[in-house]
Engineer: 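Sharing a structure below in structure tokens format, with a few things to ask.
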Amino acid sequence: MNIEELRTFVEVADARGVSPAARRLGVSKSIVSRRLLRLEAELGVQLLARTTRGAALTEAGITFRDYAARVCAEIDVAKETLLPTGDLRGRLRVTVPLSFGPTHFAPVLAEMARRHPQLHIHTSYSDRFVDLIAEGYDCAIRVGYLQDSDLIARRVGPIYGKLVASPDYIKAHGAPETPDELLTHQALMQGTEAWQLMDGDKIIAVRPQGNFKADNGIALVAAAVAGIGIGYLPDCLTHEHVASGALVPIMTNHPPPPAGAYVIRPPGQHPARKIRVLTELLIESFEQDSQRWGLGG
């Protein structure tokens with residue numbers, strides 16, 4: 001049985017459609033369709049029911065998908081074992097936050113490319129939430145507080161943050177000292193999110209309001225420096241502005257709880273070695289370059 005046909009079936013099943021699976025595999029939709037037809041002909045059963053919205057697994061497809069995924073995973077592990085020590089090949093598709101991905105994560109990805117010249121690294125920088133399976137990514141680097149999901153996460157380092165405002169904003173509006181006072185101020189928001197703050201040993205959530213919203217952390221930093229409102233921002237974006245006096249930490253008795261940076265991947269028995277290598281490099285970066293991450297040092 002052709003391993004590429006098995007891998008293609010697993011990708012179509014997980015992505016729920018031929019088009020997203022083709023993007024993940026880097027082949028045309030017609031090739032994906034032909035592989036599926038050959039596999040179904042060989043098995044003598046229909047694995048997928050094609051619909052206008054994509055593809056849904058039949059009862060036989062549901063049963064066969066797990067077996068096929070295990071075979072593909074074992075083949076990948078065997079291939080990695082046979083490669084020269086440390087050598088990586090193939091393609092790594094990773095999505096990274098735009099806010100500080102180009103400045104903080106890009107050097108790590110560049111170092112990975114330098115160490116593994118036969119590996120093709122394709123990176124997408126975006127602050128939007130990316131569906132890894134549907135859009136065909138091997139993994140994502142995400143920052144903040146993780147929500148529950150079926151994805152597998154590995155923490156690679158801490159992300160500390162604080163509430164900040166410009167001296168001009170504080171002069172004009174004062175600085176809040178409690179969560180209740182924060183609700184009367186202009187907050188710089190990504191959307192309608194709640195802000196987590198420490199109240200002694202407890203974590204509380206507050207929902208501030210504000211007229212300025214942006215889905216990018218660097219844009220929120222610029223707004224804070226301009227005196228538009230109060231920012232709830234990671235230190236790695238604000239530490240230079242705080243050091244220069246352009247931003248001032250506020251509500252220091254109610255700091256945000258530490259967040260984290262994570263490598264997120266779709267569920268599976270064995271993480272690909274390329275994802276393990278990326279994870280190790282990121283951990284190394286956090287340990288060795290605390291200044292880049294705004295952790296002092």
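In this chain, residues are counted from 1 in sequence order.
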Engineer: If you take the centroid of each ring, where Trp contributes its six-membered ring, are F105 and Y125 closer together than 6.0 Å?
Structural biologist: no
Engineer: Find out if a path of hydrophobic residues (ILVMFWY) with successive side-chain heavy-atom gaps under 4.5 Å connects L281 to L109.
Structural biologist: yes
Engineer: Any link between V96 and I275 through a network of hydrophobic side chains (Ile, Leu, Val, Met, Phe, Trp, Tyr) touching at under 4.5 Å?
Structural biologist: yes
Engineer: In this structure, would V27 and L39 fall into the same cluster of hydrophobic residues linked by side-chain contacts under 4.5 Å?
Structural biologist: yes
Engineer: Decide yes or no for K162 and T252: does some side-chain heavy atom of the first lie under 4.5 Å from some side-chain heavy atom of the second?
Structural biologist: no
Engineer: Shared ILVMFWY cluster between M251 and L188, side chains joined below 4.5 angstrom?
Structural biologist: no
Engineer: Taking the side chain as every heavy atom from C-beta outward, state whether V94 and H122 have any atom pair closer than 4.5 Å.
Structural biologist: no
Engineer: More than 12 foreign heavy atoms under 6.0 Å from CZ of R16: is that the case here?
Structural biologist: no
Engineer: Spell out, as yes or no, whether a donor-acceptor pair under 3.5 Å connects the side chain of T58 to the backbone of A49.
Structural biologist: no
Engineer: Give, for atom CD of E280 and atom OG of S285, the distance between the pair rounded to the nearest 0.5 Å.
Structural biologist: 13.5 Å
Engineer: Please find the pair of heavy atoms, one from R154 and one from T279, that lie closest to each other, and give the distance.
Structural biologist: CG-CG2, 3.6 Å
Engineer: Taking C-beta and beyond as the side chain, do I152 and I264 meet within less than 4.5 Å on heavy atoms?
Structural biologist: no
Engineer: Of the non-hydrogen atoms in A21 and V12, which two are nearest, and what is the gap between them?
Structural biologist: CB-CG2, 3.5 Å
Engineer: With the threshold set at 4.0 Å, does a side-chain nitrogen-carboxylate oxygen contact exist between R35 and E5?
Structural biologist: no
Engineer: Please walk me through it: do R265 and D138 pass side-chain contact (heavy atoms from CB on, under 4.5 Å)?
Structural biologist: CA-CA 6 Å; R265 65 176 176 89; D138 296 295; over 6 Å; no
Engineer: Taking the side chain as every heavy atom from C-beta outward, state whether P256 and Y160 have any atom pair closer than 4.5 Å.
Structural biologist: no
Engineer: Please check if the side chain of E240 supplies one atom and the backbone of L237 the other of a donor-acceptor pair under 3.5 Å.
Structural biologist: no
Engineer: Testing the basics here: between L6 and A68, what is the closest heavy-atom pair and its distance to 0.1 Å?
Structural biologist: CD2-CB, 4.1 Å
Engineer: Begin from the C-alpha positions of C139 and L92 and carry the test side-chain contact (heavy atoms from CB on, under 4.5 Å) through to its verdict.
Structural biologist: CA-CA 8 Å; C139 65; L92 174 65; 4.2 Å; yes
Engineer: Is there a side-chain contact between F64 and L43, using heavy atoms and a 4.5 Å cut-off?
Structural biologist: yes
Engineer: Establish whether Y232 and V143 are linked, either directly or via other cluster members, by ILVMFWY side-chain heavy-atom contacts under 4.5 Å.
Structural biologist: no
Engineer: If you count heavy atoms of other groups shown closer than 6.0 angstrom to CD of E177, is the number above 12?
Structural biologist: no
Engineer: Quick one: OG1 on T123 to OH on Y137, what's the gap to the nearest 0.5 Å?
Structural biologist: 9.0 Å
Engineer: Taking all non-hydrogen atoms of both residues into account, name the closest pair between Q46 and L48 and its distance.
Structural biologist: NE2-O, 2.8 Å
Engineer: Quick check: do I250 and P176 have side-chain heavy atoms less than 4.5 Å from each other?
Structural biologist: yes
Engineer: Minimum heavy-atom separation for F286 to V156, with atom names?
Structural biologist: CD1-O, 3.6 Å
Engineer: Salt bridge or not for R115 and E111, using N-O below 4.0 Å?
Structural biologist: yes
Engineer: Which distance, rounded to the nearest 0.5 Å, do you find between the CD of E4 and the CD1 of I31?
Structural biologist: 10.5 Å
Engineer: Can you give me the closest heavy-atom contact between I141 and P97, atom names plus distance?
Structural biologist: O-CD, 2.9 Å
Engineer: Using side-chain heavy atoms (C-beta onward) and a distance below 4.5 Å, is I62 in contact with E59?
Structural biologist: no
Engineer: Would you find a donor on one side and an acceptor on the other, under 3.5 Å apart, between the side chain of Y145 and the backbone of G260?
Structural biologist: no
Engineer: Please report the interatomic distance CZ(R91) to CZ(R93), rounded to the nearest 0.5 Å.
Structural biologist: 5.5 Å
Engineer: Under 3.5 Å, sequence neighbours excluded: what are the donor-acceptor pairs made by side chains of residues 195-220?
Structural biologist:
unit_1: R207; atom_1: NH1; unit_2: T192; atom_2: O; d: 2.7
unit_1: K213; atom_1: NZ; unit_2: G191; atom_2: O; d: 2.7
unit_1: N216; atom_1: OD1; unit_2: I218; atom_2: N; d: 3.0
unit_1: N216; atom_1: OD1; unit_2: A219; atom_2: N; d: 3.0
unit_1: N216; atom_1: ND2; unit_2: D127; atom_2: OD2; d: 3.1

Engineer: For residues P234 and F100, determine if any side-chain heavy atom of one lies less than 4.5 Å from a side-chain heavy atom of the other.
Structural biologist: yes
Engineer: Within 45° of the ring axis of F129 and under 6.0 Å from its six-membered ring centre, is that where the NZ or CZ of R142 lies?
Structural biologist: yes
Engineer: Can you list the steps and then say if L278 with M112 is a side-chain contact (heavy atoms from CB on, under 4.5 Å)?
Structural biologist: CA-CA 7 Å; L278 174 60; M112 187 174 182; 3.8 Å; yes
Engineer: Without placing hydrogens or testing angles, list every side-chain donor-acceptor pair under 3.5 Å for residues 164-173, not counting sequence neighbours.
Structural biologist:
unit_1: S166; atom_1: OG; unit_2: Y169; atom_2: N; d: 3.0
unit_1: Y169; atom_1: OH; unit_2: H185; atom_2: ND1; d: 2.9
unit_1: Y169; atom_1: OH; unit_2: Q186; atom_2: N; d: 3.2

Engineer: Assess the residue pair R65 and D14 against the criterion (salt bridge (Lys or Arg N to Asp or Glu O under 4.0 Å)); give the C-alpha distance rounded to whole Å, side-chain angles, the decisive distance to 0.1 Å, and a yes or no.
Structural biologist: CA-CA 9 Å; R65 185 264 169 214; D14 291 349; 2.9 Å; yes
Engineer: Determine, step by step, whether L25 and T8 satisfy the side-chain contact (heavy atoms from CB on, under 4.5 Å) criterion, reporting the C-alpha distance in whole Å, the side-chain angles of both residues, the deciding distance to 0.1 Å, and the verdict.
Structural biologist: CA-CA 8 Å; L25 293 166; T8 298; 3.8 Å; yes
Engineer: Just checking, any donor-acceptor pair under 3.5 angstrom between side chains of S28 and S30?
Structural biologist: yes
Engineer: Is the count of non-hydrogen atoms from other residues, nucleotides or ligands lying under 6.0 Å from Y67 atom OH greater than 12?
Structural biologist: no
